[in-house]
Amino acid sequence: MLDVLTIATALAALVLAAWCGFAAYRDQPTKDWHFIGMAVVALLAVVQLVVGIVQLARGEKPEQGTAIFVAYLLGAAACVPAAGFMSLAERTRWGSVTVAAGGVVLAVLEVRLFDIWGG
């Protein structure tokens, strides 16, 4: 895996979590600019998914198994979009809390992906 991409995705997810957490603190729902931030973080996760699949196709193997690695890649790519859709259903501060939690979960998944790959 590309360590720089993993770190960038995790940091972007934490920034998104802090941003949406601050919105929840101010009793605000997710706004359009939060969705732009979610799109950026989701794009980084999708790029990581593609890079991981390409590396697997080239014959590189994660230390802890391919199946679990692919499962974590798919979960990481789906984490923030799922939180974003859930925040659309809850147009209160709790929608912002949901996205903040999704950002934290994505950051944890990135750390785990790094460990699975053999970092």
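Numbering of residues begins at 1 and proceeds along the displayed sequence.
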To the closest 0.5 Å, what do you measure between [atom1] ([X]) and [atom2] ([Y])?
X	Y	atom1	atom2	result
Phe85	Thr98	CZ	OG1	14.0 Å
Asp27	Trp94	CG	CH2	9.5 Å
Trp117	Arg112	CH2	CZ	14.0 Å
Thr66	Phe69	OG1	CZ	8.5 Å
Glu110	Leu73	CD	CG	8.5 Å

Hydrophobic cluster identity match, [X] and [Y], side-chain contacts under 4.5 Å:
X	Y	result
Leu74	Val80	no
Met38	Val105	no
Leu113	Val108	no
Val41	Leu109	no
Leu11	Leu43	no

Ile68 vs Tyr72, side-chain contact (heavy atoms from CB on, under 4.5 Å): CA-CA, chis, key distance, verdict: CA-CA 6 Å; Ile68 194 163; Tyr72 271 88; 3.6 Å; yes
field: Option from Leu106, Val104, Val99 for which side chain to side chain contact (heavy atoms under 4.5 Å, CB included) with Leu16 holds
entry: Val99
Shortest non-hydrogen separation from [X] to [Y] and the atoms involved:
X	Y	result
Ala77	Leu49	CB-CD2, 4.2 Å
Ala107	Ala13	N-CB, 4.1 Å
His34	Lys31	ND1-N, 2.8 Å
Ser87	Gly95	CB-O, 3.3 Å
Pro29	Ser96	C-OG, 3.2 Å
Ala100	Cys20	N-CB, 3.9 Å

field: 4.5 Å side-chain heavy-atom contact, Pro62 and Leu56
entry: yes
message: Applying side-chain contact (heavy atoms from CB on, under 4.5 Å) to Thr92 and Gln28, what does each step give before you reach the verdict?
response: CA-CA 6 Å; Thr92 64; Gln28 296 176 342; over 6 Å; no
message: Checking Leu5 against Thr9 for the side-chain contact (heavy atoms from CB on, under 4.5 Å) test, could you report, in this order, the C-alpha distance in whole Å, the side-chain angles of both residues, the deciding distance, and whether it holds?
response: CA-CA 6 Å; Leu5 181 59; Thr9 305; 4.0 Å; yes
